[in-house]
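These notes concern the structure reproduced below.
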Amino acid sequence: MSGEIEFGLYEILDNRFRRCTYGDSRLEQLYGDCRWAEGPLYVPAWRQLVWSDIPNDRMLRWDEATGTVGVFRSPAGHSNGNTLDREGRLISCEQGNRRVTRTEHDGTITVLADRHQGRRLNSPNDAVVRSDGSIWFSDPDFGITSDYEGHRAESEVGACNVYRIDRDSGEVHLAADGFAGPNGLVLSHDEQRLYVSDTRAGHIRVFNIREDGTLGDGRIFTKATDSRFDNIRFDSDGRLWAAAFGDGVHCYAPDGTLIGRLLIPEPVSNITFGGPKNNRLFITATTSLYSLVTSVTGTHRVRRRP
């Protein structure tokens, strides 16, 4: 199922957003038969986008060359966020299985994290890979509060945190705590700061990353008004784009000012940049996967550190 949806797509709140509106004037619906779609990831080597349909416990893939959609993995552990590591391998946050996994090039699955200090994780949600090989992930309790997006259970860690998986030892370290519902993660272009959206708290926090990989004290980058934040992504000019549920997709200037919105016909869960030029914005929103070729370019994909 696909088609073009024509309506007022851009809302300019600050003149700095104007140059972001010179792309497509129509939103393209690539697929529309999900129960709750999240975790879009464009894989350049495959020319495909994979994403998660969490309640249906499956991962889907859209083929760029043919426009066809098929099942990538089912069951999928009620997977949520997906990303790539430095070797181009798929990293997935499996809410239902309460773990972070890596899909090897031969298709086998390696468990990277399922416990911290002997206690089971809650339900890993989103992950990001730094160029030094460390993997950072959020661990709210969204997947254990009911059976809708995982399996109802009590939290063993007793909190909702952000963790870091050490590149060499594979050890899981507590990176930051004090969250109500940590969700989307993204690194700044220079990888010196980690941004974390907190859905329940209604804000996005930013942390300095110390030389030893620990995080400094966080500060509020921006607060939501009539919306909640899910995942977040940067473009190459330092603007932060945020999935904001019923309020569409928000765009923030580097100083934290909301400068514009993309108005989407369904509550938005996640976004990612992709395509050959990394200027196609893919949007998962409730039942659908949408896309928009934009006049901005997403920030770098995973880099190797020299």
Side-chain angles (χ1 to χ4, degrees), residues 4-30 37-38 40 42 126 128 180-190 193-207 218-275 277-286 288-300:
E4 291 185 342
I5 297 175
E6 187 172 9
F7 60 100
L9 181 58
Y10 301 97
E11 182 181 10
I12 299 173
L13 303 175
D14 183 298
N15 198 51
R16 287 175 288 180
F17 186 62
R18 193 167 300 278
R19 73 170 301 270
C20 302
T21 69
Y22 299 151
D24 286 350
S25 60
R26 296 180 179 182
L27 190 66
E28 186 177 4
Q29 185 185 40
L30 303 177
E38 291 216 37
Y42 181 79
D126 195 20
V128 64
N183 198 324
L185 306 178
V186 71
L187 290 164
S188 61
H189 183 75
D190 61 6
R193 295 175 304 282
L194 179 72
Y195 290 72
V196 182
S197 69
D198 191 323
T199 299
R200 291 192 180 118
H203 59 226
I204 297 171
R205 293 167 66 186
V206 55
F207 300 83
R219 63 174 177 85
I220 304 296
F221 172 75
T222 192
K223 294 182 179 180
T225 51
D226 299 324
S227 60
R228 296 176 295 150
F229 296 122
D230 202 304
N231 91 317
I232 46 181
R233 291 290 181 264
F234 274 110
D235 67 27
S236 58
D237 292 318
R239 289 175 291 260
L240 183 70
W241 298 73
F245 291 96
D247 207 26
V249 178
H250 287 192
C251 181
Y252 293 89
D255 63 5
T257 302
L258 177 61
I259 60 174
R261 296 186 182 97
L262 300 179
L263 305 179
I264 310 301
E266 298 181 81
V268 177
S269 59
N270 280 189
I271 55 176
T272 195
F273 286 96
K277 296 182 179 180
N278 208 28
N279 67 338
R280 189 170 189 171
L281 184 65
F282 294 94
I283 303 166
T284 51
T286 312
S288 301
L289 171 68
Y290 298 99
S291 82
L292 177 73
V293 179
T294 73
S295 54
V296 302
T297 303
T299 193
H300 66 278

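Keep in mind the model is a prediction, meaning the values are calculated, not measured. Note that the numbering runs from 1 along the sequence shown for the chain.
A distance of 15.0 Å separates OH of Tyr252 from CZ of Arg239, quoted to the nearest 0.5 Å. Distance check: Ser188 OG to Leu194 CG gives 8.5 Å after rounding to the nearest 0.5 Å. For the atom pair SG of Cys251 and CG of Asp14, the computed distance is 9.5 Å after rounding to the nearest 0.5 Å. Remark: Arg193 CZ to Arg219 CZ distance equals 8.0 Å, nearest 0.5 Å. Between atom OG1 of residue Thr272 and atom CH2 of residue Trp241 there is a gap of 13.0 Å, rounded to the nearest 0.5 Å. A distance of 14.5 Å separates CZ in Arg233 from OH in Tyr195, rounded to the nearest 0.5 Å.
For the residue pair Gly202 and Phe229, the shortest heavy atom distance occurs at O-CE1, 4.0 Å. Residues Gly275 and Phe282 come closest through the heavy atom pair N-CE1, 4.1 Å. Closest non-hydrogen pair, Ile259 versus Ala253, comes out as CG2-CB, 3.9 Å. Smallest separation of non-hydrogen atoms from Ile264 and Ala285: CG2-CB, 4.2 Å. Smallest separation of non-hydrogen atoms from Ala201 and Ala180: N-CB, 4.1 Å.
Contact annotation: the side chain of Leu262 approaches that of Tyr10 to within less than 4.5 Å [non-hydrogen atoms, C-beta and beyond]. Side-chain contact check for Asn279 versus Val293: some heavy-atom pair is nearer than 4.5 Å. Side-chain atoms of Leu258 and Thr222, non-hydrogen and from C-beta on, never get closer than 4.5 Å to each other. The side-chain heavy atoms of Leu263 and Leu9, taken from C-beta on, include no pair separated by under 4.5 Å. Side-chain contact between Thr284 and Ile271 is absent, with no heavy atoms from C-beta onward closer than 4.5 Å. At a threshold of 4.5 Å between non-hydrogen side-chain atoms, the residues Tyr290 and Glu266 count as touching.
Looking at Arg16 and Asp255, a side-chain N of the basic residue comes within less than 4.0 Å of a carboxylate O on the acidic one, giving a salt bridge. Using a cut-off of 4.0 Å between Lys/Arg side-chain N and Asp/Glu carboxylate O, Asp237 and Arg19 are scored as salt-bridged. Contact check on Asp247 versus Arg261 returns a salt bridge, with a Lys/Arg side-chain nitrogen under 4.0 Å from an Asp/Glu carboxylate oxygen.
Counting only distance, with no hydrogens or angles, the side chain of Thr294 and the backbone of Leu281 share no donor-acceptor pair below 3.5 Å. No side-chain donor-acceptor contact under 3.5 Å links Ser236 to the backbone of Gly298. With Ser227 contributing its side chain and Ala244 its backbone, the two residues share no donor-acceptor pair below 3.5 Å.
Counting heavy atoms of neighbouring residues, nucleotides and ligands inside a 6.0 Å radius, atom CZ of Arg228 does not exceed 12 of them.
Defined by atom type and a distance below 3.5 Å, a donor-acceptor pair is present between the side-chain atoms of Ser288 and Gln29. In this structure, a donor-acceptor pair under 3.5 Å is present between the side chains of Arg280 and Ser291. A donor and an acceptor atom, one from each side chain of Asn270 and Asp230, are located under 3.5 Å apart. Side chains of Asn183 and Ser197: a donor-acceptor N/O pair is absent below 3.5 angstrom, by distance only.
Just one of Thr299, Thr297, Val296 meets the side chain to side chain contact (heavy atoms under 4.5 Å, CB included) condition when paired with Asp235; it is Val296.
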>> Pair Ile204, Asp198 - check side chain to side chain contact (heavy atoms under 4.5 Å, CB included), show working.
In response: CA-CA 6 Å; Ile204 297 171; Asp198 191 323; over 6 Å; no
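Aromatic pair Phe234/Phe273: centroids not less than 6.0 angstrom apart.
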